[in-house]
Amino acid sequence: MKRKLENEFSWSVSRAQLFASCPRAYYYNYYGSWGGWEVDAPERTRQLYMLKNIKPLAMWAGSIVHDTIKEALEAFARGEGFPQLTQLQELALTKMRQGWTEAVRQEWLRYPKRTNILELYYGNRKNLPREQTDSIKERVLTCMDAFAHSATLAEIMQTPYLQWKPVDTLDTFFVDDTKIWCAIDFAYVGPDSILHIIDWKTGSEHRATLRQQLACYALYAMEKWHHPLEKIAMHGVFLFDGGRRSDYPVAPDLLISVKDQILSSIQAMKGKLTDVETNAAEEDNFPCTPSEFNCRQCPFREACPYFEEV
Ligand code: SF4
């Protein structure tokens with residue numbers, strides 16, 4: 001008999017952000033939807049699992065840019081040559097067309113992991129205003145253009161791929177006894193033995209959030225790659241801002257403070273559990289925190305009691 005997956009407690013930057021913005025959305029995402037992929041799952045669990053996989057349009061576009069970059073860099077590492085800008089853009093557009101078709105055909109009804117776009121799901125499920133689709137397409141093409149012409153890519157191309165780290169691969173490390181998930185977009189060791197950690201961004205710059213995210217990556221690099229802190233450089237590359245690179249200095253006091261933030265976030269999350277040992281949670285312990293921004297972006301609207309009342 002197939003063993004059921006266990007819902008083990010872990011931490012990530014995105015998990016912490018969701019918990020801080022709305023505990024109820026956090027509950028739906030990490031507890032209520034758990035097991036919703038099983039054929040015999042209760043209806044509510046299946047519904048939450050399907051909703052959990054919905055992405056807002058801008059986030060979907062961002063994931064297409066990230067996937068296209070990952071594929072291009074991996075192809076280059078395999079010795080297949082680096083795609084021209086037009087090929088990169090065509091690759092991204094093909095992914096957009098495929099995703100869009102999955103979404104309007106509602107393939108997620110049978111396969112919840114297929115593309116499901118928030119604005120469509122909570123709209124007429126057939127189409128969106130032309131300006132909206134044109135603008136998201138333009139955003140993806142602009143980001144690919146900025147990536148292809150960026151100084152960061154030029155540096156990467158000059159670095160032998162043996163100096164590259166695995167591209168955008170989900171992995172874990174531990175802070176105290178808690179498993180921390182992270183996926184570094186790209187990292188390489190330069191000729192000066194500096195480990196450059198890069199995060200591609202398709203939105204605007206939020207320094208506090210990115211500082212925390214990059215500091216987690218530095219903790220990972222020190223534990224997994226045994227790279228000393230003084231030889232780590234962290235950068236955000238803003239693809240919707242011409243590929244502008246923003247450097248984030250990393251110092252011991254930053255890492256201490258980020259570790260403290262992680263531990264207090266873990267403590268707050270665990271404080272809501274009904275049984276920490278088994279990672280058991282009950283919906284009522286996770287209050288709804290509605291706000292125009294949170295709810296507009298939230299895939300769980302149709303399941304949320306607060307939203308029903310609005
Ligand atoms: S709809 Fe709003 S209040 Fe409800 S879970 Fe989502 S963010 Fe929270």
Side-chain angles (χ1 to χ4, degrees), residues 7-38 41-63 99 102-104 106 108-109 112-126 128-129 132 136 181 201-206 208-210 212-213 261-262 264-276 279-310:
N7 191 1
E8 171 194 44
F9 183 85
S10 61
W11 190 93
S12 68
V13 171
S14 53
R15 185 173 176 141
Q17 283 169 352
L18 189 56
F19 181 76
S21 66
C22 178
R24 179 60 61 89
Y26 166 87
Y27 168 84
Y28 290 148
N29 200 77
Y30 293 98
Y31 294 94
S33 63
W34 183 262
W37 57 85
E38 306 279 3
E43 190 47 43
R44 171 80 167 171
T45 312
R46 288 171 69 79
Q47 179 203 20
L48 291 173
Y49 181 65
M50 182 271 290
L51 296 175
K52 166 195 167 107
N53 289 298
I54 295 179
K55 280 190 187 134
L57 202 53
M59 197 190 283
W60 173 61
S63 67
E102 286 174 17
V104 292
Q106 303 189 19
W108 39 264
L109 281 169
K113 289 267 190 188
R114 298 266 166 98
T115 311
N116 195 349
I117 298 170
L118 186 127
E119 289 81 350
L120 263 181
Y121 186 83
Y122 288 109
N124 66 12
R125 302 209 177 160
K126 293 191 188 79
L128 288 172
Q132 210 172 353
I136 208 73
W181 287 96
K201 289 284 177 210
T202 53
S204 47
E205 183 164 9
H206 302 286
T209 318
L210 187 51
Q212 186 193 48
Q213 189 185 347
Q261 287 167 25
I262 295 174
S264 0
S265 165
I266 290 170
Q267 203 180 18
M269 288 169 177
K270 286 192 171 173
K272 296 274 180 207
L273 297 176
T274 37
D275 185 349
V276 175
N279 192 27
E282 271 172 28
E283 184 169 341
D284 287 347
N285 288 348
F286 294 81
C288 295
T289 312
S291 75
E292 204 200 321
F293 179 79
N294 287 348
C295 299
R296 190 161 27 92
Q297 299 283 320
C298 181
F300 297 111
R301 269 186 254 164
E302 74 173 20
C304 174
Y306 176 83
F307 206 81
E308 274 170 21
E309 292 159 17
V310 187

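As the structure lists them, so they are numbered: ligands from 1, and atoms in each ligand from 1.
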E302 and L51 have their tightest heavy-atom pair at OE2-CD2, 3.6 Å
Smallest separation among heavy atoms of Y49 and K113, with atom names
OH-CE, 3.3 Å
Which residue and atom name correspond to the protein heavy atom nearest atom 4 (Fe) of ligand 1, and how close is it?
C304 SG, 2.3 Å
Can you see whether Y28 has K52 sitting over its ring - NZ or CZ less than 6.0 Å from the centre and within 45° of the normal?
no
E282 atom CD, neighbour heavy-atom count above 12 within 6.0 Å:
no
Among all protein heavy atoms, pick out the one at the shortest distance from atom 8 (Fe) of ligand 1; state its residue, atom name and that distance to 0.1 Å.
C22 SG, 2.3 Å
Minimum-distance protein heavy atom relative to atom 2 (Fe) of ligand 1:
C295 SG, 2.4 Å
Minimum-distance protein heavy atom relative to atom 6 (Fe) of ligand 1
C298 SG, 2.4 Å
Cationic tip of R296 within the cone over Y122's six-membered ring, i.e. under 6.0 Å and within 45° of the normal?
no
With atoms numbered from 1 as shown, which atoms in ligand 1 lie under 4.0 angstrom from a non-hydrogen atom of A25?
5 (S)
Below 4.0 angstrom from a heavy atom of C288, which ligand 1 atoms are there? Numbered from 1 as shown, please.
3 (S)
Got a donor-acceptor contact below 3.5 angstrom from the S21 side chain to the N294 backbone?
no
Those atoms of ligand 1 less than 4.0 Å from some heavy atom in N294
7 (S)
